[in-house]
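Heads up: the structure comes next, in structure tokens.
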There are 2 protein chains.
Amino acid sequence: MSRQDEGRGGADGGPTVTERVLGILSAFGPGAEALTLSGIARAAGLPLSTAHRLVGELAAWGALERGEDGRYRIGLRLWEVGALAPRSLGLRERAMPYLEDLYEATRQNVQLAVRDGHEVVYVERLAHPEAVRVFSRVGGRMPLHATGVGQVLLAFAPSVVQEEVLAGPLPPLTPKTITEAHALRRALAAVRREGVAVCDGMVDPVALSVAAPVRGEDDRVVASLSVVVPSAGAEPRAIVPAVRAAARGISRALGSPAARRRPLGVVTPLTGAAAGEPAGAERGA
Amino acid sequence: MSRQDEGRGGADGGPTVTERVLGILSAFGPGAEALTLSGIARAAGLPLSTAHRLVGELAAWGALERGEDGRYRIGLRLWEVGALAPRSLGLRERAMPYLEDLYEATRQNVQLAVRDGHEVVYVERLAHPEAVRVFSRVGGRMPLHATGVGQVLLAFAPSVVQEEVLAGPLPPLTPKTITEAHALRRALAAVRREGVAVCDGMVDPVALSVAAPVRGEDDRVVASLSVVVPSAGAEPRAIVPAVRAAARGISRALGSPAARRRPLGVVTPLTGAAAGEPAGAERGA
DNA sequence: GTGCTCCTTCCGGTGACCGGAAGCTCGATT
DNA sequence: AATCGAGCTTCCGGTCACCGGAAGGAGCAC
């Protein structure tokens with residue numbers, strides 16, 4: 001009874017079965033899409049026989065699939081369930097047409113991301129094969145302070161979150177990454193003022209990103225949208241309006257009251273999807 | 001000891017913890033994205049207190065998220081893990097640029113699907129807001145025999161699978177749906193011969209879909225791609241080459257040897273009719 | 001042949017899990 | 001206001017499902 005516990009939220013005894021199962025799923029990640037049974041056991045800290053049993057059950061259900069090479073991968077069934085996550089599906093579904101337009105107009109990288117804790121999670125990404133290489137991938141994570149989408153999400157996050165991030169370490173990804181709290185604080189203020197974040201070379205020296213906030217029903221910022229272009233010869237001013245317009249269009253599609261108001265005399269540059277639905281028609285003014 | 005079991009694959013005793021956990025995940029589905037605790041317990045056949053404990057653990061890990069309304073939804077963390085499924089991520093990643101092009105060219109619905117058992121699972125979908133409404137959704141399932149993508153996947157599936165499906169019931173979705181085994185058999189032969197499936201009004205009376213197979217490294221058909229257009233006034237012949245070209249492009253990106261070969265005079269089920277069409281047919285327009 | 005890694009199966013002891021029951025917080029209904 | 005019902009949370013003792021060491025097999029490299 002005096003044995004120090006390792007999991008189980010402070011109670012004594014080993015981790016619960018549920019925790020072990022989730023631990024098995026955690027063993028998979030970017031760069032670890034296919035694992036051997038032993039690999040899973042090692043990563044999850046389980047005895048081989050235990051892992052064997054649990055993995056067998058997961059595979060029987062379809063959460064894992066066993067390839068011809070004997071290694072396990074995440075199964076289609078788990079993907080299906082995951083696809084039901086509202087922060088992915090609902091958002092994605094409505095955002096797609098706008099992302100399409102933006103992609104089509106820029107022929108570069110278009111990204112859609114949400115915040116989870118102190119990180120950005122990329123929910124969707126459209127990348128032209130010839131565009132600048134970006135490090136993000138769908139389902140991938142990045143720190144908030146170093147990315148365009150991250151700065152937007154942070155700028156509109158609850159102040160508790162902001163302070164936590166500002167208090168914590170701000171590791172640099174490139175020499176240009178903001179690493180000082182007061183500089184970040186100023187950047188966030190600018191983002192709130194301008195409604196966009198422009199990050200030059202903070203993730204990759206040769207890439208520049210322009211990001212804008214996407215708002216939900218209650219006008220809270222629920223996501224962020226960005227375009228990544230080559231840093232060299234980039235003309236942010238040409239991109240900013242398009243990004244802003246797309247973000248606003250998605251916000252409107254999500255039911256944001258603020259986005260419903262017409263920006264006086266501003267014609268949405270990307271008419272394709274935006275013009276499709278006469279959103280403001282019902283309630284004149 | 002004489003109590004009849006319900007789960008656990010035939011052994012006596014109740015379902016295992018893992019099965020219960022997976023049962024909880026199964027409670028979610030299209031049309032059931034948000035559930036109360038009681039709802040989950042009911043759907044999963046668990047006592048409330050048991051469900052409470054397990055759901056709590058799942059939520060603590062991030063597999064489920066609890067909304068402000070107290071209801072549970074699939075969490076971002078689970079979505080992340082699911083996104084690692086190779087049949088989704090790897091495929092999607094390479095297919096996207098081609099789907100983009102196809103979408104851009106047609107401004108209709110573009111779909112990418114894989115087979116799981118006797119069903120189609122939609123992995124990606126690009127839909128124009130003004131396009132024909134389709135019933136499919138990302139992560140959704142449909143029967144193999146009634147859809148364009150399904151017929152393609154079935155036509156190139158192991159013969160065991162084909163026979164199973166042909167032997168089973170073929171429920172109609174519309175009056176036009178193929179419901180007789182021998183008619184389906186002929187349709188599948190045609191798909192193999194032509195390298196495309198054209199389904200008019202089998203899912204929705206007003207929609208027509210054109211589907212083509214996507215092949216992987218070992219030339220096995222791993223996915224199917226389709227375009228759905230309004231049935232009225234549709235001109236499949238205008239779409240078929242584009243669909244075929246896109247499917248071939250994705251196959252090549254996936255490393256299919258057959259798709260790598262130049263179409264010059266090569267006669268294979270995949271290329272047969274496509275031989276006359278240069279790969280970039282839609283670009284020429 | 002020898003040594004390695006990885007996988008699979010078996011089985012007895014035990015402590016994690018189960019779930020009935022009681023109490024709580026909401027709204028809706030009378 | 002009182003009553004009802006649905007849903008949620010916590011508690012706790014008995015028991016049986018889970019754990020994991022150990023043994024054995026398959027494949028590969030040296």
Side-chain angles (χ1 to χ4, degrees), chain A residues 1-28 32-61 63-73 75, chain B residues 1-28 32-61 63-73 75:
Chain A
M1 70 258 288
S2 57
R3 199 266 224 84
Q4 204 68 349
D5 64 289
E6 51 203 294
R8 179 82 95 154
D12 60 346
T16 67
V17 177
T18 309
E19 282 169 345
R20 289 168 201 248
V21 167
L22 296 174
I24 287 175
L25 297 184
S26 298
F28 294 85
E33 289 94 359
L35 298 172
T36 63
L37 178 58
S38 321
I40 295 173
R42 222 177 298 122
L46 295 175
L48 190 56
S49 58
T50 301
H52 181 257
R53 181 167 29 84
L54 297 179
V55 165
E57 287 193 86
L58 288 170
W61 185 80
L64 300 180
E65 282 174 7
R66 188 159 203 187
E68 291 175 2
D69 55 358
R71 295 195 298 173
Y72 292 92
R73 287 152 235 268
Chain B
M1 61 206 14
S2 56
R3 199 264 226 83
Q4 204 69 347
D5 65 288
E6 54 202 292
R8 180 83 97 149
D12 60 345
T16 67
V17 177
T18 308
E19 281 168 347
R20 289 168 201 246
V21 167
L22 296 173
I24 288 175
L25 297 185
S26 297
F28 294 85
E33 289 92 0
L35 298 173
T36 63
L37 178 58
S38 320
I40 294 173
R42 223 177 298 122
L46 295 175
L48 190 55
S49 57
T50 300
H52 182 256
R53 181 168 29 86
L54 297 179
V55 165
E57 288 193 86
L58 288 170
W61 186 78
L64 299 180
E65 283 175 8
R66 187 159 205 188
E68 291 174 2
D69 55 357
R71 296 197 297 173
Y72 291 92
R73 287 153 234 270

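Sequence lines set the chain letters: A, B, ... in the order given, protein chains first and strands last, and positions in each chain run from 1.
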Quiz item: How does protein reach along nucleotides 2-12 of chain C, written 5' to 3' as B (base within reach of a heavy atom under 4.0 Å), S (only sugar-phosphate), or - (no contact)?
Solution: ----SBBB---

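- As a whole-Å value, the separation of Asp69(B) CG from dT25(C) P is 20 Å.
- Rounded to a whole Å, the CD atom of Glu19(B) is 16 Å from the P atom of dC17(C).
- For Thr50(A) and dG20(D), the shortest distance from a side-chain N or O to OP1 or OP2 is below 4.0 Å.
- Among residue pairs with one or both ends in residues 64-73 of chain A, those qualifying as side-chain hydrogen bond (donor to acceptor under 3.5 Å, both in side chains) are Glu65(A)-Arg87(B), Arg66(A)-Tyr72(A), Glu68(A)-Arg220(B), Asp69(A)-Arg71(A), Asp69(A)-Arg73(A); sequence neighbours excluded.
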Under 3.5 Å, which N/O atoms of the protein pair with N/O atoms of nucleotides 26-28 of chain C?
none

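- In this structure, the helix from dG1(C)-dC30(D) to dT30(C)-dA1(D) shows an angle of 40° between the axis at its start and the axis at its end, each fitted on 5 base pairs and rounded to 10°.
- Residue Leu46(B) contributes atom CG, which lies 16 Å from atom P of dT9(D) at whole-angstrom precision.
- Distance CZ (Arg20(B)) to P (dC18(D)): 8 Å, rounded to an integer number of Å.
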Please table the atom pairs, donor to acceptor, closer than 3.5 Å between any side-chain atom in residues 38-59 of chain A and protein atoms at least two apart or in another chain.
{"unit_1": "Glu57(A)", "atom_1": "OE1", "unit_2": "Thr16(B)", "atom_2": "OG1", "d": "2.4"}
{"unit_1": "Glu57(A)", "atom_1": "OE2", "unit_2": "Thr18(B)", "atom_2": "OG1", "d": "3.3"}

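- Taking atom CD of residue Glu57(B) and atom P of nucleotide dA16(C), one finds them 13 Å apart after rounding to whole Å.
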